[in-house]
Protein chains: 2
Amino acid sequence: MTDIDQTIVRLLDDPKSIFSLLTDEERGIIYQSMTCTTYKKGELIYKEGDKPAGLLSLASGKVKIFKEGVGGREQIVRMVKPGGFIGYRALFAGENYNGTSVALEDSTICLIEKESLFKVLKSNNELALSIIKKMATELGFSNTRTVSLTQKHIRGRLAESLLFLKDTYGFEEDNMTIKVYLSREDIANLSNMTTSNAIRTLSTFASENVINIDGRKIKILDLKRLERISELG
Amino acid sequence: MTDIDQTIVRLLDDPKSIFSLLTDEERGIIYQSMTCTTYKKGELIYKEGDKPAGLLSLASGKVKIFKEGVGGREQIVRMVKPGGFIGYRALFAGENYNGTSVALEDSTICLIEKESLFKVLKSNNELALSIIKKMATELGFSNTRTVSLTQKHIRGRLAESLLFLKDTYGFEEDNMTIKVYLSREDIANLSNMTTSNAIRTLSTFASENVINIDGRKIKILDLKRLERISELG
DNA sequence: ATAATTTTGTGTTTAAAAACATACAAATGT
DNA sequence: ACATTTGTATGTTTTTAAACACAAAATTAT
């Protein structure tokens, strides 16, 4: 069995993934149609306007999805962790990609060819229902985020982003360090603020002993306080 | 046949609705489980935290769905027109309502009981796929909106909202007047700005002959220009 | 190793929009 | 019909965050 085969099998056999709803036959169809590609840190996975070839599943690494706004300013709309899907929205909407996807670390991404996916989807109703549920949850998240990003002040937005990163990627073994290492610019683009303001506000949080910063390593020292800052707006 | 029966039949027989995908038997199940209620203008349909009893379909009238943000400020996340669904996101996510829904005019809303809906959904795969597509489209809209509301300046946001209202509700017979009559406060809550700024900016647009205002009646005089203002941010 | 580039950090200025303060008109309730 | 509430309108002040400018540190490329 090759490395790639192992990667695919690991993805398909994850009991928490939607693939656990597949019959052996369906799993076979998906397995046959899967191809994996590796991306270097910073590499483009797809860009706005590209046509989805199928469903992308992140086997390892970390990925950001962003949209370009006024004057090319980017807003990160999703952060993907291993086991997560990339660009599924455009695929299911029957549209071209609406955002751009870039690897934040070296990543392995597996493509499930569109035709095979829809074939299985048509035969497996439970799978379709599970995708409906997943998308409804994501839509709720997006709506909540819209309100946060528009109404909260800088401190609240940054605090929320740090909590979001913690929830998405978790902590390192020390139970404090957020397990993702973003540039200040990415943190800014996630939080709807300029890089200067992200840097400034992170420094302020550090001086208040809410977090500790060491380069790109961010430790949450006072989670309760960070949550309060996020809620207060 | 009662008025209510007619209302239901009209909803179910709309060839553009997802109900057109149902078999006669399935349509019967849905029909049996449907009950309609009328709401007066300004009346609450559900509020954040309520548990969905089923799928709400707007037979007639207009409805807004909003989320409360920092300091109770409301952000309108969706505007519903006849034939549209209300609160389906929470139902499909298996969550309680995340937003609040209020009738903007006297409205008739029909409830499809949850159990019947899911029974049909489990048997009709095409329906499930169509809902996936609908939600994927909505999610794309939500993401785009997030970027607009956070990055565009006041003029751009207001212009976008006016265009959105026009796209959603269309024009009156004169092909100019937007077919929805909102308070300045609602326009502000749709556009992420204060009521004062909505009033001020509407006045400016009127003085520039981009629109014409007469109370709550808004005429788009220069669509191209409005689109340009929206795009420029 | 060293130059080039990117990222991080900080101070200052400027612009945008919120908050506040009224005033008046319109709609609603009694 | 009158009082009360709600909605619309405008001017002024204050706050917030963006824009700009620059410097130092860290990466990356050559």
Side-chain angles (χ1 to χ4, degrees), chain A residues 40-43 64 69-75 102 104-106 147-161 180-207 211-218 229 232-233, chain B residues 40-43 64 69-75 102 104-106 147-161 180-207 211-218 229 232-233:
Chain A
K40 289 251 164 265
K41 177 178 171 176
E43 215 178 323
K64 68 171 170 178
V70 184
R73 224 177 102 196
E74 72 178 58
Q75 175 64 50
V102 166
L104 290 165
E105 309 176 348
D106 293 357
V147 177
S148 294
L149 288 178
T150 53
Q151 298 198 359
K152 286 184 180 174
H153 285 177
I154 283 210
R155 285 170 62 88
R157 298 205 301 273
L158 181 63
E160 182 174 301
S161 289
V180 62
Y181 301 86
L182 300 178
S183 69
R184 301 295 195 259
E185 193 179 5
D186 277 338
I187 294 176
N189 291 341
L190 183 63
S191 315
N192 179 35
M193 61 185 68
T194 56
T195 307
S196 312
N197 276 329
I199 290 167
R200 232 183 285 265
T201 312
L202 280 171
S203 297
T204 310
F205 283 177
S207 77
I211 63 170
N212 176 278
I213 34 182
D214 173 15
R216 294 189 172 190
K217 188 193 287 186
I218 299 175
I229 296 171
L232 273 163
Chain B
K40 288 249 165 266
K41 178 179 169 173
E43 216 177 325
K64 68 171 171 179
V70 182
R73 223 178 103 194
E74 71 178 58
Q75 174 65 50
V102 167
L104 289 166
E105 309 176 349
D106 294 357
V147 176
S148 294
L149 288 177
T150 53
Q151 297 198 1
K152 285 183 182 177
H153 285 178
I154 282 210
R155 286 170 61 87
R157 298 204 300 273
L158 182 63
E160 181 174 302
S161 289
V180 63
Y181 301 86
L182 300 178
S183 69
R184 302 295 195 258
E185 193 180 4
D186 277 338
I187 293 176
N189 291 341
L190 182 63
S191 317
N192 180 34
M193 61 184 67
T194 55
T195 307
S196 311
N197 276 329
I199 291 167
R200 231 183 286 265
T201 311
L202 280 172
S203 297
T204 310
F205 283 177
S207 77
I211 62 169
N212 175 277
I213 34 182
D214 172 15
R216 293 188 174 192
K217 189 194 285 188
I218 298 176
I229 295 171
L232 273 163

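In the text below, chain A, chain B and the rest are named by the order of the sequence lines, each starting its count at 1. Here the structure is a predicted model, which is why all the values come from computation and not from measurement.
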Expressed in angstrom and rounded to an integer, what is the separation of [X] atom [atom1] from [N] atom [atom2]?
| X | N | atom1 | atom2 | result |
| --- | --- | --- | --- | --- |
| A/Leu158 | D/dA17 | CG | C1' | 14 Å |
| B/Tyr181 | C/dA26 | OH | C1' | 18 Å |
| B/Asn192 | C/dA17 | CG | C1' | 10 Å |
| A/Leu202 | C/dT7 | CG | P | 16 Å |
| A/Lys217 | D/dA26 | NZ | C1' | 16 Å |
| B/Lys152 | D/dA18 | NZ | C1' | 19 Å |
| A/Asp214 | C/dT8 | CG | P | 13 Å |
| B/Met193 | C/dA19 | CE | C1' | 16 Å |

* Asked: Closest nucleotide of DNA chain C for A/Gly215 versus for A/His153: which of these residues is on the 5' side?
  ->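 Whichever sits nearer the 5' end wins; that is A/Gly215.
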* Structure fact -> Between B/Thr194 and A/Ser196, the residue closer to the 5' end of DNA chain C by nearest nucleotide is A/Ser196
* Asked: Can we say A/Lys64 and A/Glu74 salt-bridge, meaning some charged N sits less than 4.0 Å from an Asp/Glu carboxylate O?
  -> yes
* To do: Please examine the side chains of B/Ile187 and B/Ile218, heavy atoms only from C-beta on, and report whether any two atoms are closer than 4.5 Å.
  =>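 In contact.
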* Asked: Which part of the nucleic acid does A/Arg155 contact within heavy-atom distance under 4.0 Å: base, sugar-phosphate only, or nothing?
  -> nothing
* Scan B/Ile199 against the nucleic acid and name what it touches under 4.0 Å (heavy atoms): base, sugar-phosphate only, or nothing. => base
* Straight-line distance of A/Glu43 CD to A/Asp106 CG, nearest 0.5 Å -> 9.0 Å
* To do: Indicate whether the side chain of A/Arg157 and that of A/Asn197 have a donor and an acceptor atom separated by less than 3.5 Å.
  =>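 The answer is no; no qualifying pair exists.
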* To do: Kindly say if B/Ser203 contacts the phosphate of D/dT10, meaning a side-chain N or O under 4.0 Å from OP1 or OP2.
  =>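 Looking at the OP1 and OP2 atoms of D/dT10, one of them is under 4.0 Å from a side-chain N or O of B/Ser203.
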* Quick one: is D/dG11 close enough that its OP1 or OP2 comes under 4.0 Å of any side-chain N or O from B/Arg200? ->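 No, outside the criterion.
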* Asked: Which atoms form the tightest heavy-atom contact between A/Arg216 and A/Ser183, and what is the distance?
  ->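 Minimum heavy-atom contact is NH2-CB, 3.3 Å.
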* To do: Would you mind telling me which of C/dT8, C/dA18, D/dA18 lies closest to the side-chain atoms of A/Ile154?
  =>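 The nucleotide sitting nearest to the side chain is D/dA18.
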